[in-house]
Every structure is written in structure tokens, then in C-alpha cells.
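Side-chain atoms are counted along with the backbone in the values below, which use heavy atoms only and exclude waters and symmetry mates.
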Amino acid sequence: MKRILTPLLLLLTCAAWSSLSAQAIYNVRDYGAKGDGKTLDSPAINAAIEAAVQGGGGQVLLPAGTYLSGSIRLKSNIDLHLSAGCTILAAPASMKAYDESESFGGFPEYQDGGHTYFHNSLIWAEGQVNVSITGHGKIDGYGLTKKDTEKAGQVQGGSIGTGDKAIALKLCRQVTIRDITIYRGGHFAIIMTGCDLSTIDNVTIDTNRDGFDVDCCKYMSISNCRINTPSDDALVLKSSYALKKPVLTEHITVTNCQITGFKCGTLLDGTYVPEPVGWVCGRFKLGTESNGGYRNIALTNCSFMYSSGLAFEEVDQGVMENVVVSNITMSHVHHYPIYITTGCRNRGPKEVTRPSSAQALQISHVVADDCDSLCSIIVTGLPEEPVRNIWLSDIRLQFQGGGAKELVNKQYREQGTNYPEPRFAGQTPAYGLYARHVEGLHVSDVTFSYERPEFRPAVVLDDVHGATLRHIDAQLEPGIDKVVQFRSTNIQF
């Protein structure tokens with residue numbers, strides 16, 4: 001049946017096409033960008049951005065080509081669009097093409113320089129609204145440093161000439177980052193601090209330091225991303241003192257992402273070479289910076305390969321509550337599969353006296369193989385402030401095994417003021433689950449197994465109250481008890 005457009009519908013259709021065709025597009029080549037990989041193009045890119053701002057906003061287009069660049073200053077109502085075949089190539093420090101890192105205003109710094117300074121980045125924005133970085137192009141941080149340089153080379157509040165982050169956004173609203181690829185992203189491939197109402201989708205990061213740090217943000221969705229970080233954290237939620245006050249990171253959803261620890265560059269070239277584990281390797285993490293804390297966080301449908309697992313750390317007098325994790329697969333897990341802890345590092349103003357706290361964390365439907373024999377699942381609180389109401393269900397973990405029997409009597413290190421990294425505490429007394437200072441621990445439908453003979457018990461509970469253990473299927477060597485209880489009460493099976 002032939003469809004005939006009425007005059008009104010025809011008029012509306014033409015108006016819509018006219019509006020689309022009239023969309024403001026600012027091609028950086030019209031402002032002097034060469035795209036030859038040799039000419040410093042950031043002045044032309046910034047000129048195109050300023051022209052778009054004067055025109056009320058629009059798309060700043062980078063066609064195919066290689067754009068050698070220093071700092072690009074993103075502004076409100078601008079879509080920085082990296083076309084397929086486009087590469088923004090970070091200039092070397094010798095060109096002094098990066099903005100100076102701003103002064104922190106004399107306020108005490110309770111966080112690393114990378115969380116304090118933003119302007120010395122390849123692409124940065126502060127206090128902007130409705131900003132986006134889109135397209136199937138690439139950012140290559142060739143000239144960025146992966147070191148935290150701001151304090152080492154400080155000149156009146158910041159370093160000069162060195163870029164150390166690929167994308168740094170502070171106090172922005174309505175942010176979209178979609179479809180881009182970041183290779184060698186410097187200290188942080190992406191860091192967002194104090195940003196609200198944001199969408200990160202279909203982003204690929206293959207880098208040699210941190211992948212994506214979300215600090216003091218709320219109402220953000222992260223989806224369909226691939227993050228390869230063999231040397232540091234992959235996807236991290238933080239709650240630092242970078243905004244000079246404690247700010248919760250809350251209402252964050254993460255779904256359909258892959259986290260890996262392959263050698264840098266081999267995710268992109270498709271060779272997928274495992275990197276020998278070092279300090280950390282990949283992982284999804286809450287912390288370590290945790291002055292405000294975390295609330296209403298959901299992680300679903302994600303996979304991990306050659307990386308550490310899940311880390312939930314509240315050690316700086318904030319809160320951690322209402323965290324839900326489900327449908328996770330892990331293979332070749334370094335250090336630990338699941339780690340929940342509170343501590344009293346208390347990196348922040350000394351007048352704050354409340355203890356760190358954690359409650360209402362639910363982790364379910366997790367499958368992992370080849371888990372490091374160093375650590376079991378770890379759930380530890382503080383003697384004066386136990387972790388409360390933890391649910392672990394439908395979990396199947398296969399460990400490498402090899403633990404010695406005498407480890408069951410080990411006095412496992414209290415977290416206290418220590419840096420919350422399990423490898424510093426050594427092997428856990430149990431190979432499957434070790435819990436201490438917990439009120440309300442609910443474990444059901446969990447399977448633990450191992451490859452080499454394992455002489456630690458599967459589960460050790462130390463100062464755990466109000467616990468429920470049901471349907472625990474644990475591989476055991478002859479003579480090894482499934483559950484060992486120390487100073488625990490109200491345990492049900």
C-alpha cells in the first residue's frame with residue numbers, strides 16, 4: 001500500500017531534515033588543524049571549541065587524521081566528535097603543550113595529586129554543562145606520563161609542561177562519553193570528580209595505569225565498556241576530599257563491562273597477552289579514597305579475565321551501604337575474588353571522629369576459576385564497628401589451592417590504619433571465606449573447590465554474630481573441618 005504524505009506531515013518532515021542539516025558543526029581543519037601527526041593542533045582545536053561556544057554550542061568535528069595535541073579545553077554544550085580514523089595524539093612533555101595544573105587554594109590535600117589537579121590533562125573541563133566526547137576515533141596518550149607528577153614537579157601549585165591524564169572532568173553536569181577508544185591514558189585514562197547526570201557507554205580503554213576513576217559523582221550509568229589495565233585499577237569508584245568536603249559517590253550503575261589484565265596494547269591488537277601480576281591488575285573497586293563513602297551502587301553482567309576481582313573498601317570515615325553485585329564471571333583471578341573491608345586509615349581532617357562503616361552489601365551469581373591461593377573471600381570490619389548485613393549467595397569459586405594446615409591458627413592482620421591491600425596481610429586462615437567483626441553474615445548456595453591439595457578449612461568465622469550458612473559445598477582434604485568458629489555466636493546451618 002502506497003503511503004501518501006499529507007501537506008502537514010510533509011512540512012513537518014522537511015522541517016526536521018532542515019533542523020538536522022542546520023546543526024552547527026565546527027570542523028577543526030577550518031580553524032587550522034593539519035591532522036598530520038607533526039603539527040601541534042590543540043590551538044586549532046581550542047579555537048574551534050571557542051567558535052562553537054560563541055555560536056551557542058555544537059559539534060566540534062575531528063575528521064580522520066592524527067592530531068598532535070596538548071591541552072584541549074572542553075566547554076558547555078560542545079560535542080567533541082572523534083571521527084573513525086581520527087587519533088588525538090598526546091604531545092610529549094618537551095613541547096610544553098599542557099596547561100598548568102591549578103592551585104588547590106592552600107587547603108590541605110588529603111588525596112593524591114592525580115585527584116587534586118585537572119588542568120594538566122589532554123582533555124579537561126571544569127564546571128561545564130552538557131559536554132560530550134563521542135565517535136569511533138582514538139585517543140593515544142603517547143606523551144602523557146603515568147606517574148603522579150604534580151607534587152614532584154610542583155611550581156606554585158602544579159607542574160608545568162607535563163600531561164598526566166587523558167580525560168579529566170570536574171564539577172560537570174550532563175556528561176556523555178561514548179564509542180571512543182583510549183590507548184595509554186596516562187595516570188588516569190578518564191577521571192570524573194563531582195560530576196552528575198553522566199552516561200559512559202561503549203568505551204574501550206587499554207592503558208598502563210588507572211582506567212576509569214569516578215570520584216564524588218552521582219547519577220551515572222556506565223555500560224558496555226572494555227577496560228584493560230594490567231598495572232593498576234580498571235574501574236574505580238572513589239570518594240576523596242578533592243572537593244574540600246566529604247561527598248558521597250552514589251546512584252551509580254555499571255553493566256555489561258569487561259575488565260582484563262592483558263599486556264598494555266594487546267587488547268587493542270587482538271593478541272591478548274597476559275601480563276605477569278604486579279601491584280594490582282585490573283579489578284572493580286570502591287576506594288581506597290573514601291571520605292564521603294558509597295551508597296546505592298549496582299554492578300551487573302560483567303566479566304573479568306587475568307585481573308583481581310571485586311574490592312569494596314571504606315577506610316576514611318565514610319559509609320558504604322546498599323551495594324548490589326550480580327552475574328559476574330572471573331577467570332585467572334589475581335590476589336582475591338571478593339574483598340569487603342572497613343578500616344581506620346582516616347585520611348582526612350583530624351576533627352572528624354566517626355568510624356568507617358559498611359552495611360547492606362549483596363553479592364550473588366558469581367563464577368570464578370583459577371583464583372589465587374593467597375586469599376579467600378574476605379569480609380572484615382572493625383572491632384568497634386563491625387560490618388553489618390552481608391549477603392553472599394549463588395557463588396562458585398575454584399582456587400589454585402596449596403595452603404598449609406597451620407594457617408588456620410594464623411592471627412590475621414587487623415585492618416586498622418594499614419593500607420587495605422590483602423597481599424600485605426598474607427594468606428588468609430581459610431581458603432574459601434574468612435570473616436571477622438561482622439554482624440549479620442548470610443551465606444547460601446556457595447561452592448568452593450581447589451586444584452592442588454588445600455589444608456586450610458573452607459570457612460573461618462572470627463567474631464561473627466548473627467550468621468547463616470546454608471548449602472555450603474566445599475572440597476576438603478581428609479581431617480579438615482568445613483567451618484572453624486572463633487568467638488562466634490548465633491551460627492545457623
Side-chain angles (χ1 to χ4, degrees), residues 308-313 330 333-343 363 366 368-383 386-387 390-393 395-416 418-493:
S308 299
L310 308 170
F312 305 97
E313 306 169 0
M330 306 181 193
V333 181
H334 295 144
H335 298 141
Y336 52 82
I338 299 171
Y339 177 43
I340 301 170
T341 194
T342 56
I363 301 175
V366 178
D369 63 47
D370 193 28
C371 298
D372 197 324
S373 60
L374 173 71
C375 297
S376 59
I377 297 174
I378 303 174
V379 183
T380 58
L382 298 167
V387 171
I390 307 298
W391 285 268
L392 305 171
S393 64
I395 296 173
R396 179 164 56 86
L397 305 179
Q398 180 196 48
F399 292 88
Q400 295 170 2
K405 186 175 182 178
E406 56 268 23
L407 285 169
V408 70
N409 298 315
K410 175 181 177 178
Q411 296 300 310
Y412 193 70
R413 186 190 76 172
E414 291 278 0
Q415 183 54 57
N418 295 299
Y419 187 81
E421 189 61 41
R423 75 185 188 116
F424 296 145
Q427 289 183 289
T428 47
Y431 84 84
L433 167 64
Y434 176 71
R436 181 177 59 199
H437 309 319
V438 182
E439 289 186 2
L441 176 66
H442 309 286
V443 183
S444 64
D445 298 293
V446 172
T447 299
F448 300 129
S449 63
Y450 48 78
E451 298 176 358
R452 294 176 293 160
E454 174 62 71
F455 296 96
R456 290 174 290 180
V459 178
V460 171
L461 305 181
D462 185 351
D463 189 28
V464 175
H465 301 270
T468 302
L469 304 178
R470 293 196 175 118
H471 303 131
I472 309 299
D473 182 7
Q475 184 177 349
L476 298 171
E477 295 298 305
I480 303 299
D481 293 331
K482 181 180 292 187
V483 178
V484 179
Q485 302 174 22
F486 296 104
R487 295 174 282 118
S488 298
T489 59
N490 299 325
I491 306 299
Q492 301 179 23
F493 296 94

Inset, instruction - Please test Y450 against E477 for side-chain hydrogen bond (donor to acceptor under 3.5 Å, both in side chains), starting from the C-alpha separation and ending with a verdict. - result: CA-CA 10 Å; Y450 48 78; E477 295 298 305; 2.8 Å; yes
Inset, instruction - Determine, step by step, whether D372 and H335 satisfy the side-chain hydrogen bond (donor to acceptor under 3.5 Å, both in side chains) criterion, reporting the C-alpha distance in whole Å, the side-chain angles of both residues, the deciding distance to 0.1 Å, and the verdict. - result: CA-CA 5 Å; D372 197 324; H335 298 141; 5.2 Å; no
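Side-chain contact check for E454 versus I480: every heavy-atom pair is 4.5 Å or farther apart. Residues L407 and K405 fail the side-chain proximity criterion, which asks for heavy atoms closer than 4.5 Å. For the pair I472 and L433, the minimum side-chain heavy-atom distance is 4.5 Å or more. Within the 4.5 Å cutoff, the side chain of Y434 has heavy atoms near those of the D462 side chain. Residues I340 and I363 are in side-chain contact: their nearest non-hydrogen atoms beyond the backbone lie under 4.5 Å apart.
The 12-atom threshold is exceeded at CZ of R423, counting heavy atoms of other residues, nucleotides or ligands nearer than 6.0 Å.
Closest approach of P422 to Y336, counting heavy atoms only: CG-CD2, 3.6 Å. The two atoms that bring Q475 and Y431 nearest to each other are O-OH, 2.6 Å, heavy atoms only. In terms of heavy-atom proximity, V387 sits nearest to G381 at CG2-CA, 3.5 Å. The two residues T428 and C375 come nearest to each other via the heavy atoms OG1-CA, 3.7 Å. A pairwise comparison of heavy atoms in P429 and Y412 identifies CD-CD1, 4.0 Å as the closest pair. Between R456 and S373, the shortest heavy-atom distance links the atoms NH2-O, 2.8 Å.
To the nearest 0.5 angstrom, L469 atom CG is 10.5 Å from H442 atom NE2. Residue D445 holds its CG atom at 10.0 Å from CD1 of I395, rounded to the nearest 0.5 Å. Between atom CD of residue E421 and atom CD of residue E313 there is a gap of 6.5 Å, rounded to the nearest 0.5 Å. A distance of 12.0 Å separates OG in S308 from OH in Y339, rounded to the nearest 0.5 Å. Interatomic distance, L441 CG to L392 CG, rounded to the nearest 0.5 Å: 6.0 Å. Annotation: the span from T342 atom OG1 to H437 atom NE2 amounts to 9.0 Å, rounded to 0.5 Å.
Side-chain contact of Q400 with D370: a donor-acceptor pair under 3.5 Å is present, judged by distance alone. Using modelled atom types and a 3.5 Å distance limit, the side chains of T380 and T341 yield a donor-acceptor pair.
Proximity of a side-chain donor or acceptor of Q415 to a complementary backbone N or O of N418 within less than 3.5 Å is detected.
Residues passing the salt bridge (Lys or Arg N to Asp or Glu O under 4.0 Å) test with E414, sequence neighbours excluded: R436.
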